[in-house]
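Let me begin by presenting the structure, written as structure tokens, before commenting on it.
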Amino acid sequence: MGREHLTIMKLCRFLTADDQAVVGLSLDDATVLDLSTAGVERLESVLEHDNPVRLLRELTEDTLRAHLIQKVRLLAPVDQQEVWAAGVTYLRSKKARMEESDFSATAYDKVYEAERPELFFKSMPAKVVGPGEAIGIRKDSKWNVPEPELALVINSRGKVVGYTIGNDMSSRDIEGENLLYLPQAKIYNRSCALGPWITVGVSEQNARSWKIQLQIKRDGRAAFEGETSVGQIKRSFEDLAGFLFRSQSFPNGAVLLTGTGIVPPDGFTLRAQDSVRINISGIGSLENSVTVV
Ligand code: DO4
Ligand code: MG
């Protein structure tokens, strides 16, 4: 059968049995195809193509080595892309931040309405945590939360070519004490998780109908659950990517987290051994345990 019916595809990186990190393509829930057997060595080879879906369709016309997903270890789907994040893109995030700090409330209020979005550097690609790995909470912080976010996968030309799941781990007490501490609240070991799939072939309009769900489990029981929708993001993806690429080039492309719309109640903080599961309809689920760093 031809592959014309395939218009949405899921890319990943995974570790083969002989410990090689390769690019994978999943066409069903059970198997992943090793794209290195078709000469694709890096995600960028697909993401930089004019038409990634057409390229992937053509690649699957050859016989590719297939692995059972359950038998491989999925890795964070980044090679050399810097990871950035947008903030205060949901009303929920603006309100939570204004409550967290009188000192910074005006800044959050203003940036929500401003033409220029809040954008901040989040992670070098090599420091990103993948599916099933531990995410970190800082040992010098008493108030730590996950931020479940849709992540835009952007090529070097500034075009949004795919989507993955991001966790913008944050220390709210450090952030709330002084806005200038934001980099310490946001960037530390294991503070960014991505994965498991990069979904390609979906328009912004369709992605805006996706649901985002967060489930935090403690000792096997639900400790917090929340839900929002991508459609509630105030800014367009093109606008966010456009600001990131203003006066700045990304020869390997970039990943941009789009902000959180789910904020656990103020009395809630993550603990070591908690498990954090983020589901985005249209992508899948990213699950990580928590460790102190
Ligand atoms: O300025 C604070 C960070 C905001 C953020 O990360 C978010 O809204 O997701
Ligand atoms: Mg965030």
Side-chain angles (χ1 to χ4, degrees), residues 12-13 69 73-78 83 85-87 89-90 92-93 96-97 100 122-123 125 127-151 163-176 184-199 210-230 232-233 255-293:
C12 66
R13 283 175 69 247
I69 289 177
R73 183 150 85 80
L74 294 173
L75 303 171
V78 274
V83 183
T89 53
Y90 286 83
R92 179 72 190 98
S93 177
R97 255 106 201 166
E100 163 192 281
K122 181 67 188 176
S123 183
K127 295 179 79 177
V128 173
V129 166
E133 292 185 306
I135 42 174
I137 50 176
R138 295 183 62 117
K139 56 171 168 279
D140 62 351
S141 165
K142 292 190 166 53
W143 188 12
N144 295 282
V145 293
E147 294 194 353
E149 306 190 8
L150 178 73
Y163 307 92
T164 190
I165 302 173
N167 186 347
D168 170 26
M169 292 288 291
S170 303
S171 299
R172 291 194 63 194
D173 49 351
I174 296 178
E175 170 188 284
Q184 294 174 73
K186 295 285 190 180
I187 308 166
Y188 54 88
N189 289 342
R190 300 182 174 277
S191 70
C192 178
L194 291 176
W197 310 105
I198 297 177
T199 299
W210 291 347
K211 289 252 166 305
I212 303 181
Q213 290 162 312
L214 170 66
Q215 185 183 57
I216 302 170
K217 279 192 172 169
R218 182 165 298 159
D219 303 325
R221 280 191 295 276
F224 173 77
E225 286 179 336
E227 182 175 312
T228 187
S229 106
V230 173
Q232 288 182 39
I233 298 175
V255 175
L256 177 60
L257 278 63
T258 54
T260 190
I262 304 176
V263 184
D266 288 358
F268 180 88
T269 184
L270 284 172
R271 286 194 207 147
Q273 259 87 62
D274 283 353
S275 113
V276 175
R277 185 171 183 273
I278 303 170
N279 181 272
I280 301 188
S281 53
I283 304 177
S285 296
L286 172 65
E287 200 162 342
N288 303 93
S289 57
V290 176
T291 191
V292 179
V293 296

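Only this structure's heavy atoms are used, side chains among them; waters, hydrogens and symmetry mates stay out.
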> Listed by chain and number, what are the side-chain contact (heavy atoms from CB on, under 4.5 Å) partners of Pro125, not counting sequence neighbours?
Replying inline: Val78
> Is there a donor-acceptor pair under 3.5 Å between the side chain of Ser123 and the backbone N or O of Val83?
Replying inline: no
>> For a quick test of reading the model, state the closest non-hydrogen atom pair linking Ala193 to Ile135 and the distance between them.
In response: CB-CG2, 3.7 Å
>> Donor-acceptor pair, distance only, cut-off 3.5 Å: does the side chain of Asn167 make one with the backbone of Glu147?
In response: yes
> Distance from Gln232 atom CD to Ile262 atom CD1, nearest 0.5 Å?
Replying inline: 9.5 Å
>> Suppose we screen for side-chain hydrogen bond (donor to acceptor under 3.5 Å, both in side chains). Which residues come up paired with Asn288, at least two apart in sequence or across chains?
In response: none
>> Could you tell me if the side chain of Thr260 sits less than 4.5 Å from the side chain of Pro148, heavy atoms only?
In response: yes
> Quick one: salt bridge (Lys or Arg N to Asp or Glu O under 4.0 Å) pairs with a partner in residues 215-227, sequence neighbours left out?
Replying inline: Arg218-Asp274
> Do you know the tightest heavy-atom contact between Cys12 and Leu74?
Replying inline: SG-CD2, 3.9 Å
> Is there a side-chain contact between Ile233 and Tyr90 (heavy atoms, below 4.5 Å)?
Replying inline: yes
> Among pairs that include at least one residue of residues 127-144, which meet salt bridge (Lys or Arg N to Asp or Glu O under 4.0 Å), considering only residues two or more places apart or in two chains?
Replying inline: Arg73-Glu133, Arg138-Asp140
> How far does CD of Gln213 sit from OG1 of Thr228, to the nearest 0.5 angstrom?
Replying inline: 10.5 Å
>> Go through it in stages, so that I can follow the logic: the residues are Arg190 and Thr291, the test is side chain to side chain contact (heavy atoms under 4.5 Å, CB included), and I'd like the CA-CA distance, side-chain angles, deciding distance and then a yes or no.
In response: CA-CA 9 Å; Arg190 300 182 174 277; Thr291 191; 3.9 Å; yes
>> Going by the rule side-chain contact (heavy atoms from CB on, under 4.5 Å), which residues pair with Ser289 if we only count those two or more places apart in sequence or in a different chain?
In response: Ala134
> Of all residues at least two apart in sequence or in a different chain, which pass the ring pair (Phe, Tyr, Trp, His ring centres under 6.0 Å) check with Trp143?
Replying inline: none
> Do the side chains of Ile137 and Met169 get nearer than 4.5 Å, heavy atoms only?
Replying inline: yes
> In chain order, what residues pass the side-chain hydrogen bond (donor to acceptor under 3.5 Å, both in side chains) check against Arg13, with sequence neighbours excluded?
Replying inline: Asp79
> Between atom CD1 of Ile187 and atom OG of Ser171, what is the distance when rounded to the nearest 0.5 Å?
Replying inline: 11.5 Å
>> Determine whether a donor-acceptor pair (N or O, by modelled atom type, separation under 3.5 Å) exists between the side chain of Ser170 and the backbone of Val145.
In response: no
> What is the minimum heavy-atom distance between Glu149 and Gly259, and which atoms define it?
Replying inline: OE1-N, 2.8 Å
> With side chains defined as the heavy atoms from C-beta onward, is the minimum distance between Asp266 and Arg172 less than 4.5 Å?
Replying inline: yes
> Residues in ring pair (Phe, Tyr, Trp, His ring centres under 6.0 Å) with Tyr163, at least two apart?
Replying inline: Trp210, Phe237
> Can you find a pair of side-chain heavy atoms, one from Ile216 and one from Pro146, that are under 4.5 Å apart?
Replying inline: yes
> Which residues satisfy the side-chain hydrogen bond (donor to acceptor under 3.5 Å, both in side chains) test with Asp168, sequence neighbours excluded?
Replying inline: Lys122, Lys186
>> Once side-chain contact (heavy atoms from CB on, under 4.5 Å) is applied, do any residues pair with Glu287, and if so which ones, sequence neighbours excluded?
In response: Ser275, Arg277
> Can you tell me how far CD1 of Ile280 sits from CD1 of Ile212, rounded to the nearest 0.5 angstrom?
Replying inline: 4.5 Å
> Do Leu150 and Ile283 have side chains that get closer than 4.5 Å, going by heavy atoms?
Replying inline: yes
>> Please give me the minimum heavy-atom distance between Gly166 and Ala151, naming the atom from each residue.
In response: N-CB, 4.3 Å
>> Tell me the closest heavy-atom pair linking Ser141 and Asp173, and the distance in Å.
In response: OG-OD1, 2.7 Å
>> Could you report the tightest heavy-atom contact between Ala76 and Pro131, atom names first, then the distance?
In response: N-CD, 3.9 Å
> Residues two or more places apart in sequence or in another chain: which of them pass side-chain hydrogen bond (donor to acceptor under 3.5 Å, both in side chains) with Ser191?
Replying inline: none
>> Is there a side-chain contact between Leu257 and Leu194 in this structure, where contact means two heavy atoms from C-beta onward sitting under 4.5 Å apart?
In response: yes
